[in-house]
Amino acid sequence: MSYTEGMLKEGALKGKNILVTGGGTGLGKSMGLYFLKLGANLVITSRKLEVLQETAQEMEKETGGKVLALACDVREIDQVEKMWKDAVDHFGQIHAVLNNAAGNFISPTERLSTNAFNTVLDIVLKGTSQVTLTAGKHWIKEKQKGTFLNIVTTYAWTGSGYVVPSAAAKAGVLAMTRSLAVEWAKYNIRSNAIAPGPFPTEGAWSRLLPGDLVKKFDPAKKVPVGRVGEHQELANLAAYLMSDFSAYVNGEVITIDGGEWLQGAGEFNNLDQIPQELWDMMEASRGKKG
Ligand code: COA
């Protein structure tokens, strides 16, 4: 068995209709594909209908499942409400929402225009809250149970330079996840989050670290387990949190980053760089070396 394999048993998501925002490419596509393999039907949304339709076709061919592609900019409430209505009209009921759509600019904060800063806040925080409120109000009104899974990041709680609007917005999404986990549990609505570390995707990585930068700042070097994540590892965790196997998990954020953020947090972790010979010398100087 390997971490590149699917983890849940066949049919683990059978009968579930799952909405994935930002589901046409990257991590959203990988998680959605695994949901389909486990028997779910899928609604995928993003701004680019053509990309979505291509992905939907590809996914249906690979799995035999049903995928509905709906264009929706999560920043626009009219589009969100229309998308939700179309999704419900098509499948009858949506059981779970994966809030995965995001945007990010890596930049010194003082170089960001007001519009650039607001663009990231709008996609990540406003977009997630608009999708969440639209789905949640519907579930409450119809007395249907529901599951939210929100993709955040490990710097949602530490903050991070050079991605400040993203850090601020993801911190908001995390607070919303935990708040609604309590407030809406009485309606049978669960909310959880995943904080992924580096998982390579063509789109985000080439945009965020263009050209040789990705070699210079090789993210694998910052991860204690010595590698970046495999999409299937993230998909396994997401599928578990979407499934009824996790019915008692509510308000949790699960980090999946090979220990990356703790590596940066532990005060003495950079002592990794001290060679064994130096440790030997220090031990000898304490007079303990036999
Ligand atoms: N760094 C800094 N500012 C940037 C930028 C960058 N790389 N790219 C765009 N901006 C600025 C623009 O100049 C504009 O500000 P201005 O009006 O003051 O000039 C503002 O940000 C909005 O840019 P615009 O291109 O009009 O935004 P958009 O709404 O069309 O698209 C995104 C914004 C984020 C949706 C788009 O860049 C995108 O699709 N990104 C891919 C998704 C992504 O980032 N994924 C990573 C997930 S972690």
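Counting starts at 1 for both ligands and their atoms, following the listed order. Note that the structure is predicted; figures quoted are calculated from it, not measured.
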Just verifying a value: how many Å separate Leu133 CG and Met176 CE, rounded to the nearest 0.5 Å?
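Output value for this atom pair is 7.5 Å.
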Evaluate the ring planes of Trp184 and Phe148, with Trp represented by its six-membered ring, and classify them as parallel (under 30°), tilted (30 to 60°) or perpendicular (over 60°).
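Tilted, since the angle between the ring planes falls between 30° and 60°.
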[atom]: any protein heavy atom closer than 4.0 Å:
| atom | result |
| --- | --- |
| atom 25 (O) of ligand 1 | no |
| atom 10 (N) of ligand 1 | yes |
| atom 45 (N) of ligand 1 | yes |
| atom 29 (O) of ligand 1 | yes |

Enumerated ligand 1 atoms positioned under 4.0 Å from heavy atoms of [X]:
| X | value |
| --- | --- |
| Ile123 | 34 (C), 35 (C) |
| Ser113 | 15 (O), 16 (P), 18 (O) |
| Arg75 | 29 (O) |
| Gly103 | 43 (C), 44 (O) |

With side chain to side chain donor-acceptor pair (under 3.5 Å) as the criterion, how do Gln232 and Asn236 come out once you've worked through the C-alpha distance, each side chain's angles and the decisive distance to 0.1 Å?
CA-CA 6 Å; Gln232 185 62 49; Asn236 283 340; 2.9 Å; yes
Closest approach of [X] to [Y] (non-hydrogen atoms, all atoms of both residues):
| X | Y | answer |
| --- | --- | --- |
| Gly172 | Leu125 | C-CD1, 3.8 Å |
| Leu42 | Phe91 | O-CE1, 3.6 Å |
| Arg227 | Tyr3 | NE-OH, 3.3 Å |

Do me a favour and list the nearest non-hydrogen protein atom to [atom] with residue, atom name and distance?
| atom | value |
| --- | --- |
| atom 17 (O) of ligand 1 | Asn115 ND2, 2.8 Å |
| atom 6 (C) of ligand 1 | Phe105 CD2, 3.5 Å |
| atom 12 (C) of ligand 1 | Ala116 CB, 4.8 Å |
| atom 27 (O) of ligand 1 | Thr119 CG2, 4.2 Å |
| atom 41 (C) of ligand 1 | Arg207 NH1, 2.9 Å |

Going by heavy-atom distance to atom 48 (S) of ligand 1, choose the closest among Val120, Asn104, Leu27.
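Residue with the shortest heavy-atom distance to the ligand atom: Asn104.
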Does ligand 1 have any atom that is closer than 4.0 Å to a heavy atom of Ser107?
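Ser107: no contact with ligand 1 (<4.0 Å).
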Exam field: side chain Thr21 to backbone Ala101, donor-acceptor pair closer than 3.5 Å
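Present.
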Test: Asp89 and Lys85 ion pair at under 4.0 Å:
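The answer is yes: the pair qualifies as a salt bridge.
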Got a salt bridge between Lys29 and Glu202, using NZ or NE/NH1/NH2 to carboxylate O under 4.0 Å?
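Glu202 and Lys29: not salt-bridged.
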Got an N/O contact under 3.5 Å between Arg47 and ligand 1?
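Min N/O separation from ligand 1 is below 3.5 Å for Arg47.
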Of Asn99, Asn192, Asn100, which meets side chain to side chain donor-acceptor pair (under 3.5 Å) against Asn150?
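The side chain to side chain donor-acceptor pair (under 3.5 Å) with Asn150 is passed solely by Asn99 among Asn99, Asn192, Asn100.
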Applying a 4.0 Å heavy-atom criterion (strictly less than), which segment of Leu112 is in contact with ligand 1: side chain, backbone, both, or neither?
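Near ligand 1, Leu112 shows its side chain, while the N, CA, C and O stay back.
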Find out if a path of hydrophobic residues (ILVMFWY) with successive side-chain heavy-atom gaps under 4.5 Å connects Leu36 to Tyr34.
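Leu36 clusters together with Tyr34.
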